[in-house]
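These notes concern the structure reproduced below.
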Amino acid sequence: AMLDVPFLPFCALLGALGVSCVAFVGAWCQHWRGGFALDGSARTFNWHPVLMVTGLVVLYGAAALVYRLPSSWSGPKLPWKVLHGGLALAAFTLAVLGLAAVFRFHNEHGTPNMYSLHSWLGLATVLLFSCQWVAGFGAFLLPWAPTWLRALYKPIHVFFGSTILMLSVASCLSGINEKLFFSLKNGTTEYKLLPPEAVFANTLGLLILLFGVLVLGALARPSWKRPDADSPDSRQVPAPLWAHPG
């Protein structure tokens, strides 16, 4: 049996972990990588890891857990659908901006695009994310989507939601390692000698991995899942005040 931890304290812990991930990646880019700019330099590239970790990992993880909040288990589901979709859209927007930052940096310096495993994983994650969001919007937020379509697509949506989170974590970890290999060589302490920057960035990777594992654990825990109710699950408008079961 899984450890019996109340959901809200778990959420507070997860929130603190998510903030730590963003703080660590921001501190890494500011302290060791020169800060941030929009001039196409290496400081423009630094927006890439910050936006990707914030969007694809932290905000996306928050979106995935919306339906685990006990307050979402009763009443109309539409506001929670809007919150879930809104957080996911914000995460996707940050991911697109993160891609724009790295492509601009590469183009400014004549660096080839899309040649590494990290780049393949990252782009595949963002493309899959875009398909997931569009399909979810059409199936769950548009009022004319039939009930049978929602019921058919729901397990697919849930499966790919977890898959995208795993791909996001894998993309971030491979990106951290790739950046360290590229940066810690000539003129710096080599990566294999584990300088402070490498220790800090590797710690960031562990925090991201822990965040992803805890989110997936929360999603898998049966007692934290929203109770299913076939007809209310697909209802787009609140029930009339005078409507009572029975």
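Neither Leu13 nor Leu69 shares a network with the other; the hydrophobic side chains, linked directly or stepwise wherever heavy atoms of I, L, V, M, F, W or Y lie under 4.5 Å apart, form separate groups for each. Hydrophobic clustering, with ILVMFWY side chains joined whenever heavy atoms are under 4.5 angstrom apart, keeps Leu206 apart from Val19. Criterion: ILVMFWY side-chain heavy atoms under 4.5 Å apart, direct or through other members. Under it, Leu127 and Leu59 are part of a common hydrophobic cluster. Hydrophobic cluster membership differs between Leu65 and Val158, with clusters built from Ile, Leu, Val, Met, Phe, Trp and Tyr side chains linked at under 4.5 angstrom. Criterion: ILVMFWY side-chain heavy atoms under 4.5 Å apart, direct or through other members. Under it, Leu117 and Leu167 are part of a common hydrophobic cluster.
The salt bridge (charged side-chain N to carboxylate O under 4.0 Å, His left out) test applied to Glu178 returns no partner, not counting sequence neighbours. Partners of Arg43 under the salt bridge (charged side-chain N to carboxylate O under 4.0 Å, His left out) rule, at least two apart in sequence or in another chain, are Asp39. With sequence neighbours excluded, no residue satisfies ring pair (Phe, Tyr, Trp, His ring centres under 6.0 Å) with Trp28. Not counting sequence neighbours, His84 has no partner by the side chain to side chain donor-acceptor pair (under 3.5 Å) test.
A 4.5 Å side-chain heavy-atom check between Val102 and Trp47 finds every atom pair outside the cut-off. Leu78 places a side-chain heavy atom less than 4.5 Å from the side chain of Leu141. With a 4.5 Å cut-off on side-chain heavy atoms, Leu184 and Pro195 count as touching. Side-chain contact between Asn202 and Leu194 is present, with heavy atoms from C-beta onward closer than 4.5 Å. Taking the side chain as every heavy atom from C-beta outward, Trp80 and Ser71 approach each other to under 4.5 Å. The shortest side-chain heavy-atom distance between His48 and Phe105 does not fall under the 4.5 Å cut-off.
Rounded to the nearest 0.5 Å, atoms CG (Leu204) and CG (Leu180) are 9.5 Å apart. Going from atom OG1 of Thr163 over to atom CZ of Phe129 covers 13.0 Å, rounded to the nearest 0.5 Å. Between Leu89 atom CG and Ser130 atom OG the span is 11.5 Å, to the nearest 0.5 Å. Atom CG of residue Leu56 and atom CG of residue Leu165 lie 9.5 Å apart, to the nearest 0.5 angstrom. Within the model, atoms CD of Glu108 and CZ of Phe103 stand 14.5 Å from one another, a figure rounded to the nearest 0.5 Å. His118 contributes atom NE2, which lies 9.5 Å from atom CD1 of Ile176 (distance to the nearest 0.5 angstrom).
Panel note: side chain Trp73, backbone Tyr67; a donor-acceptor pair is recorded below 3.5 Å. At least one donor-acceptor pair under 3.5 Å links the side chain of Thr44 to the backbone N or O of Ala37. Looking at Asn46, its side chain does come within 3.5 Å of a backbone N or O of Gly35 through a donor-acceptor pair. Distance alone, capped at 3.5 Å, places no donor-acceptor pair between the Thr54 side chain and the Leu51 backbone. For the pair Gln132 (side chain) and His157 (backbone), a donor-acceptor distance under 3.5 Å is present. The closest donor-acceptor contact from the side chain of Arg104 to the backbone of Leu38 lies under 3.5 Å. Distance alone, capped at 3.5 Å, is enough to place a donor-acceptor pair between the Arg226 side chain and the Ser72 backbone.
You'll find the ring centres of Trp120 and Tyr115 outside the 6.0 Å limit. Aromatic ring centres of Phe92 and Tyr60 lie farther apart than the 6.0 Å criterion allows.
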Legend entry - Stepwise side chain to side chain contact (heavy atoms under 4.5 Å, CB included) check, Lys185 with Tyr191: CA-CA 7 Å; Lys185 47 182 182 180; Tyr191 187 15; over 6 Å; no
Inset, instruction - Determine, step by step, whether Arg33 and Glu197 satisfy the side chain to side chain contact (heavy atoms under 4.5 Å, CB included) criterion, reporting the C-alpha distance in whole Å, the side-chain angles of both residues, the deciding distance to 0.1 Å, and the verdict. - result: CA-CA 10 Å; Arg33 297 289 103 216; Glu197 180 181 355; 2.8 Å; yes
Inset, instruction - With side chain to side chain contact (heavy atoms under 4.5 Å, CB included) as the test, would you mind laying out the steps for Leu121 and Ser174 before giving the verdict? - result: CA-CA 9 Å; Leu121 274 176; Ser174 61; 4.2 Å; yes
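The nearest pair of heavy atoms linking Met114 to Leu123 is CE-CD2, 3.4 Å. In terms of heavy-atom proximity, Trp133 sits nearest to Ala88 at CD1-CB, 3.7 Å. Annotation for Ala139 and Tyr153: closest pair CB-CD2, 3.7 Å, computed over non-hydrogen atoms. Between Val57 and Cys172, the shortest heavy-atom distance links the atoms CG2-SG, 3.7 Å. Smallest separation of non-hydrogen atoms from Cys29 and Phe36: CB-CZ, 3.6 Å. Taking each heavy atom of Leu219 and Ala64 in turn, the nearest pair found is CD2-O, 3.3 Å.
For residues 197-220, the ring-ring contact (aromatic ring centres under 6.0 Å, His included) pairs, not counting sequence neighbours, are Phe24-Phe200, Trp32-Phe200.
Side chains of His106 and Thr111: no donor on one and acceptor on the other come within 3.5 Å. Counting only N and O atoms by type, the side chains of Asn113 and Asn107 include a donor and acceptor under 3.5 Å apart.
Within the hydrophobic cluster formed by Ile, Leu, Val, Met, Phe, Trp and Tyr side chains joined at under 4.5 Å, directly or through other members, Leu149 is accompanied by Trp148, Leu152.
Cation-pi geometry between Lys81 and Phe137 is not met at under 6.0 angstrom from the ring centre and within 45 degrees of the axis.
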